[in-house]
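Below is one structure, written out as structure tokens; comments come after it.
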Amino acid sequence: MIDIHTHILPMVDDGASSIETALKLLVDAYEDGSDEIVLTPHVAQAYGFDNPKDKISALFEDFKYIVKQERIPLELYLGCEYLYTTQENFFMQKEEMMTLNHTDYMLMEFFFDIEAEKILEAVETVTQEGWIPILAHPERYDSIQMNPEMAKLAVEKGALLQMNKGSVMGKYGSLAQDTAMELLESHAYSFVGSDAHHPLRRSSRMYEAYQMVKESFGSNYADLIFKENAKKMLKNEDIRKKDGYEK
Ligand SMILES: [Fe+2]
């Protein structure tokens, strides 16, 4: 499996708070069947996480060296999870942002009470800049829970959707779970991420969610969103309209 959304890079956000915790999250992921992991620290000024790309790139190189010394056989990549607030802020921060593995793909999140129309505006803005927005955990936003069709509309406007593995397992409550099930049913998701923060509270283990998706929605779709799409994305192939989502 490939995990495209994690807060494992240590001591840069509210994820892994030490190198030991970060290594534990990686070992857990490896033992659970993940092969490749994208480290996506928060870039969220509203929460006090600046994390410009020069800073996290340097820390990433140091961390990769430690992981190699520990002989954890995982392929690691760097990205970020950008908290999109306004168009103005986006243009100001764009140069400082780390896309996923230096591709055109940008993982972005919003405040949880964001209106769905604002999500669509953000997709338009980011797409016009030549980037491919990946919306992190759309099933967790109030407006999408009220109307999951808006998430599908975002896909039609050029976005791709990433489900949190915990959503399908009910870890974020029944509304997020129901929304995730509906979006899975229509094959609206292209990716899954653990959104790992902590080995116990929000773990890096993806296999249980993979099994659940496989049992309910088939192994072809499960393989697509837990691995194959991410593999292409990390090589900067444009997977839109070929990712299994059909209107
Ligand atoms: Fe996250």
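Both ligands and their constituent atoms are indexed starting at 1 by order of listing. Just the heavy atoms: all of them, side chains too, but no hydrogens, waters or symmetry mates, feed the values below.
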query: Between Asp14 and His42, does a side-chain hydrogen bond (donor to acceptor under 3.5 Å, both in side chains) hold up when you go through it step by step?
result: CA-CA 8 Å; Asp14 58 347; His42 284 291; 3.2 Å; yes

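- Side-chain contact between Tyr105 and Thr99: absent, with no pair of heavy atoms (C-beta onward) separated by less than 4.5 Å.
- Looking only at side-chain heavy atoms (C-beta outward), Thr6 and Leu25 stay at 4.5 Å or farther from each other.
- With respect to the Fe ion (ligand 1), Glu81 has OE1 as its nearest N, O or S atom.
- Residue contacts to the Fe ion (ligand 1): His7 brings an N, O or S atom closer than 2.8 Å.
- Within Asp195, the N, O or S atom lying nearest to the Fe ion (ligand 1) carries the name OD1.
- One of the N, O or S atoms belonging to His5 lies under 2.8 Å away from the Fe ion (ligand 1).
- The aromatic rings of Phe111 and Tyr47 sit perpendicular to each other, their planes meeting at more than 60°, with 30° as the lower class boundary.
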